[in-house]
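What follows is one structure encoded as structure tokens, with my remarks underneath.
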Amino acid sequence: MPELPEVETIRRQLQRNIVNKKINDVVVRWGKRLEPSRSKFIENVKGRTVKSIERRGKLLRINLSSGWSIFVHLKMTGKLILKRTGTEPTKHTHVVFKLNGKYDVHWEDFRKFGFLKLLSKEDADKYVESWNFGPEPLDPSFTFSKFKMCLNAYPNAKIKPKLLEQKCIAGIGNIYAVESLWSAKIHPLTQIKDIPEDKLKKLFQAIKRILKTAIADGGTSADNYFDAHGGEGKYVYKLKAYKQEGKPCANCKTKIIKEKIGGRGTAYCPKCQKL
DNA sequence: ACCTAATCCTGCATGC
DNA sequence: TGCATGCAGGATTAGG
């Protein structure tokens, strides 16, 4: 599933390949998760030029020459793929942006959870606000004291579901929540008030380190993810807990186990990550 | 404040 | 072989 490192990888690839390219045509093959209506979307995108691509958490924002923005959330199985001009859509291609230059951009999503949303500049800024994202974990302004203060507002909450909430920190999903907790040796069900300061610090550092490494590796192709060039996310070879159930813990050789926590599959080492 | 379950959807694994 | 069932989950929402 695309999380911060995967979305950032796609953002960089789009930034490199479609900025200053004109959108000559938009083909909508399935418009249920597209706003506004199909005709208004096409009308307001066609003929515009891509100016820049931004990311906030897992949300992508494609800024157009008109000042309007297309927001893209890939959710579970969404993809934005650069394909040679004129490449035919596949079964799960929902929208094709036909651009000047070498590439078209195809939006594919076989599970159809993701969405595209076109908004004017004014509405776009409000829309980003409405998400109430926590800080960007790789922004220098994201400090340990900010992280700690935000979490301490929820002393009885369990750490893992809280990390997935985007509220104290933006962009973390199941893969990186599981990996960060393994690295900091914290049981995913630990209540925030029961995490000692030094372990919380370890968690903070693990999140930064793991996300940075994963971006450098082009994300994690553990589920359905491939980058905008169809490339593999190499962090999949560095996973220590996610999808490692049944395998020996890299730290202590105990078998990694998996259980459902907050309705989500959660892998951890029962020996290193004690409650 | 905190938890659970349902919702959106399809591919894939399982079982008979 | 093929058909039915159920599981997976990011984010939101409803209800306890």
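Naming: A, B, ... by sequence-line order, numbering from 1 per chain. Fair warning: this is a prediction, and the values are worked out from it, not measured in the lab.
- For A:Pro155, taking side-chain heavy atoms from C-beta onward, the closest of the listed nucleotides B:dC9, C:dT12, B:dC2 is B:dC2.
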Pairs under 3.5 Å (N/O, protein and nucleotides 7-9 of chain C):
| residue | atom | partner | partner atom | Å |
| --- | --- | --- | --- | --- |
| C:dA8 | OP2 | A:Lys260 | NZ | 2.6 |
| C:dG9 | OP1 | A:Gly265 | N | 3.3 |
| C:dG9 | OP2 | A:Gly265 | N | 3.3 |
| C:dG9 | N2 | A:Arg111 | NE | 3.1 |
| C:dG9 | N2 | A:Arg111 | NH1 | 3.1 |

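- Taking atom CG of residue A:Leu74 and atom C1' of nucleotide B:dC8, one finds them 16 Å apart after rounding to whole Å.
- Under the 3.5 Å distance criterion, with hydrogens and angles disregarded, no donor-acceptor pair is assigned to the side chains of A:Tyr242 and A:Thr220.
- Side chains of A:Tyr237 and A:Glu232: a donor on one and an acceptor on the other come within 3.5 Å.
- A:Glu165 has its CD atom 11 Å from the C1' atom of B:dA1, to the nearest Å.
- Note on A:Lys167: nothing from the nucleic acid sits closer than 4.0 angstrom, heavy atoms only.
- Although no hydrogens or angles enter the test, the distance criterion places no donor-acceptor pair under 3.5 Å between the side chain of A:Gln244 and the main chain of A:Lys240.
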Would you write out the dot-bracket form of DNA chain C, 5' to 3', with Watson-Crick and G-U pairs under 3.5 Å, [ ] for crossing pairs, | for pairs to other strands and . for unpaired bases?
-> .|||||||||||||||
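- Side-chain polar atoms of A:Lys51 and A:Ser65 form no donor-acceptor pair below 3.5 angstrom.
- Within 4.0 Å (heavy atoms only), A:Lys112 reaches sugar-phosphate atoms of the nucleic acid but no base atom.
- Judged by distance alone, the side chain of A:Lys98 and the main-chain N or O of A:Thr85 form no donor-acceptor pair under 3.5 Å.
- Heavy atoms of A:Gln166 sit under 4.0 angstrom from primed sugar atoms or phosphate atoms, though from no base atom.
- Among the heavy atoms of the strands lying under 4.0 Å from A:Lys91 are primed sugar atoms or P, OP1, OP2 only; no base atom is included.
- At whole-Å resolution of the value, CD1 in A:Ile261 and P in B:dT4 are 10 Å apart.
- Cation-pi geometry between A:Lys167 and A:Phe133 is not satisfied (NZ or CZ under 6.0 Å from the ring centre, within 45° of the ring normal).
- In this structure, A:Tyr235 and A:Tyr176 have tilted ring planes: the angle between them lies in the 30° to 60° band.
- Counted within 6.0 Å of NZ on A:Lys22, heavy atoms from surrounding residues, nucleotides or ligands total 12 or fewer; the atom is thus considered open.
- Using a 4.0 Å cut-off, some side-chain N or O of A:Lys158 falls inside it from OP1 or OP2 of B:dC3.
- With hydrogens and angles ignored, the 3.5 Å screen pairs a side-chain donor or acceptor of A:Glu3 with a backbone N or O of A:Gly173.
- Residue A:Lys243 contributes atom NZ, which lies 13 Å from atom C1' of B:dA13 at whole-angstrom precision.
- When distances run from any side-chain atom of A:Phe110 to the nucleotides B:dC2, B:dC3, B:dT10, the shortest one goes to B:dT10.
- Rounded to whole angstrom, the span from the CG atom of A:Asn156 across to the P atom of B:dT4 amounts to 14 Å.
- A:Phe115 places its CZ atom 15 Å from the P atom of B:dC9, with the value rounded to the nearest Å.
- Within 4.0 Å (heavy atoms only), A:Trp30 reaches no atom of the nucleic acid at all.
- Distances shorter than 4.0 Å separate some side-chain N or O of A:Lys58 from OP1 or OP2 on C:dA11.
- Within the cation-pi definition used here (under 6.0 Å to the ring centroid, within 45° of the axis), A:Arg84 qualifies as a partner of A:Tyr103.
- Atom-to-atom, CD1 of A:Ile192 to P of B:dA1 comes out at 12 Å; the value is rounded to the nearest Å.
- Rounded to an integer number of Å, the gap from CG of A:Asp223 to C1' of B:dC12 is 13 Å.
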